[in-house]
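In what follows, a single structure is set out as structure tokens and then discussed.
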Number of protein chains: 2
Amino acid sequence: MNIIITNSSGLPIFEQIENAIKEAIFSDELKEGEMLPSVRSLANELKISFLTVKRAYDELEKAGFIKTVQGKGSYVLPKNLDLIKEEKLKEIQEHIEKIYEISKLSNISKDEVNEMFKMIFEEEL
Amino acid sequence: MNIIITNSSGLPIFEQIENAIKEAIFSDELKEGEMLPSVRSLANELKISFLTVKRAYDELEKAGFIKTVQGKGSYVLPKNLDLIKEEKLKEIQEHIEKIYEISKLSNISKDEVNEMFKMIFEEEL
DNA sequence: TCATCTGTTATATCTGAATTATAACACTTT
DNA sequence: AAAGTGTTATAATTCAGATATAACAGATGA
């Protein structure tokens, strides 16, 4: 597990763990069926409480990324592409909403934003 | 003052006040030299503590939007639009770049992003 | 000058979220 | 049985945000 916890990120620890594991799943660093570290071992490794790790795992399970079995541990569920796309679309939506807030606050026109959008996305051609 | 405080916004009250006033300044609803409501009167109006309003005003002063004078009150400073806009455009650009990265990695088409963009920006009617 | 607006400061408290420590319990595997 | 898993309950801590209250200080107009 390649999880780095920052106090300056603004995100609570359990969310940082969540995100790191999601990233690992997206990038196939963690594959379907693979076991995650036990809550206690990861807690020891990160020098945090196992309850915090458990919270992260609970959220990941609720979101459909992993499955936890008492006495055994947690393992990665088959990637649900739709689910992943949902996640990514939600991330994008949050960015757009922030852009919307900024533009509204700063009197920046929709057209100006659209122009930047085109500029950056045209780059790939 | 047209400030609406929501408990569901996720933002602390003092930030909601900050944003509302920034928005009013950008939209010229509040003009240069104009007095803001006193900390106590706005606090009464919003049914919150004057300390919370003071915090919002303090942040606005630190950010260069208003000036507060003891015994008198707070008034709107001259807008430095170019500088502010430059900063805001840079913030927006960073968001768009993140969107670009996400969409590229997740195989989300430019059109899909564009659709979300329209959805969110059309909301304002 | 006095009353009454303004903002300022200090102290203490409350609340909720995040996090922790600890202990006891339950399931699985060897 | 032992040693690993996860689970649950309880209590405590920390921190940010927000509050209440009181006392202080500057501005202003009657």
Side-chain angles (χ1 to χ4, degrees), chain A residues 1 3-22 25 30 32-77 94, chain B residues 1 3-22 25 30-77:
Chain A
M1 269 290 88
I3 298 177
I4 295 172
I5 286 177
T6 318
N7 42 2
S8 63
S9 81
L11 288 178
I13 300 175
F14 76 90
E15 266 188 53
Q16 296 182 44
I17 297 174
E18 258 189 271
N19 290 339
I21 293 179
K22 277 184 196 170
I25 294 176
L30 279 173
E32 169 180 348
E34 194 165 341
M35 295 304 288
L36 294 176
S38 76
V39 286
R40 283 188 174 83
S41 67
L42 183 54
N44 284 335
E45 189 180 328
L46 300 178
K47 300 184 195 311
I48 59 178
S49 165
F50 77 86
L51 290 167
T52 305
V53 178
K54 174 168 170 48
R55 176 156 184 194
Y57 283 15
D58 284 347
E59 308 270 359
L60 286 166
E61 179 163 32
K62 210 188 310 176
F65 290 93
I66 68 173
K67 171 77 178 164
T68 297
V69 179
Q70 185 171 0
K72 286 182 156 178
S74 305
Y75 56 92
V76 178
L77 287 179
E94 278 161 12
Chain B
M1 268 291 87
I3 298 177
I4 295 173
I5 287 177
T6 317
N7 41 4
S8 62
S9 82
L11 288 179
I13 299 175
F14 76 90
E15 266 188 52
Q16 296 183 42
I17 297 173
E18 257 190 272
N19 288 339
I21 292 179
K22 277 185 196 170
I25 293 176
L30 279 174
K31 298 187 180 64
E32 171 181 347
E34 195 165 342
M35 296 303 290
L36 294 176
S38 76
V39 286
R40 283 188 175 84
S41 66
L42 183 54
N44 284 334
E45 189 181 329
L46 300 179
K47 300 183 196 309
I48 59 176
S49 165
F50 76 86
L51 290 167
T52 306
V53 178
K54 175 167 170 46
R55 175 154 183 194
Y57 283 14
D58 284 348
E59 307 270 359
L60 285 166
E61 180 164 30
K62 210 188 308 176
F65 290 92
I66 67 173
K67 170 76 178 166
T68 297
V69 179
Q70 185 171 357
K72 287 182 158 178
S74 305
Y75 57 93
V76 179
L77 287 179

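Since the structure is predicted, the reported quantities are computational estimates derived from the model, not experimental observations. Just so we're on the same page: letters track the sequence lines, and every chain starts at 1.
Under a cut-off of 6.0 angstrom, the local environment of NZ in A/K22 is crowded, with over 12 non-hydrogen atoms contributed by other residues, nucleotides or ligands.
Atom-to-atom, CZ of A/F14 to P of C/dG16 comes out at 17 Å; the value is rounded to the nearest Å. In this structure, the CG atom of A/L60 is 15 Å from the C1' atom of D/dG6, given to the nearest Å. Protein atom CG of A/L36 is 13 Å distant from nucleotide atom C1' of D/dT5, rounded to whole Å. Straight-line distance from the CG atom of B/N44 to the C1' atom of D/dT19: 14 Å, rounded to whole Å. Rounded to whole angstrom, the span from the OH atom of B/Y57 across to the C1' atom of C/dG7 amounts to 11 Å. When rounded to the nearest whole Å, the span between NZ of A/K72 and C1' of C/dT29 equals 10 Å. The nearest whole Å value for the distance from the CD atom in B/E61 to the C1' atom in C/dG7 is 11 Å. Straight-line distance from the CE atom of A/M35 to the C1' atom of C/dT28: 11 Å, rounded to whole Å.
Residues B/S74 and A/P12 both approach DNA chain C. Their nearest nucleotides, taken by heavy-atom distance, put B/S74 toward the 5′ side.
In this structure, A/R55 reaches the C/dA18 phosphate: one of its side-chain N or O atoms is under 4.0 Å from OP1 or OP2. Within the 4.0 Å cut-off from OP1 or OP2 of D/dG6, not a single side-chain nitrogen or oxygen of A/T68 is found. In terms of phosphate contacts, A/K54 brings no side-chain nitrogen or oxygen within less than 4.0 Å of OP1 or OP2 of D/dG6.
Distances from the side chain of A/I13 to the nucleotides C/dA18, D/dT5, C/dT19 place C/dT19 closest. Residue A/Q70 has its side chain nearest to C/dC27 when only D/dT28, D/dG17, C/dC27 are considered.
Between B/K62 and B/D58 there is no salt bridge, since none of the side-chain N atoms of the basic residue sits less than 4.0 Å from a carboxylate O of the acidic one.
Within the 3.5 Å criterion, the main-chain N or O of B/K31 finds a donor-acceptor partner in the side chain of B/E34.
In the model, A/T52 has no side-chain atom that pairs as donor or acceptor with a side-chain atom of A/S49 under 3.5 Å.
Using a 4.0 Å heavy-atom distance criterion, B/R40 is classed as a base contact.
Annotation: side chain of B/S74 is not in contact with side chain of B/F65 (no heavy-atom distance under 4.5 Å).
Here the CG atom belonging to A/L46 is positioned 8.5 Å from the CD1 atom belonging to A/I13, to the nearest 0.5 angstrom.
Here the shortest heavy-atom pairing between A/Q16 and A/I5 reads OE1-CA, 3.4 Å.
Looking at residues 46-53 of chain B, you'll see B/I48, B/S49, B/F50, B/L51, B/T52 sit with a heavy atom under 4.0 Å from some atom of DNA chain D.
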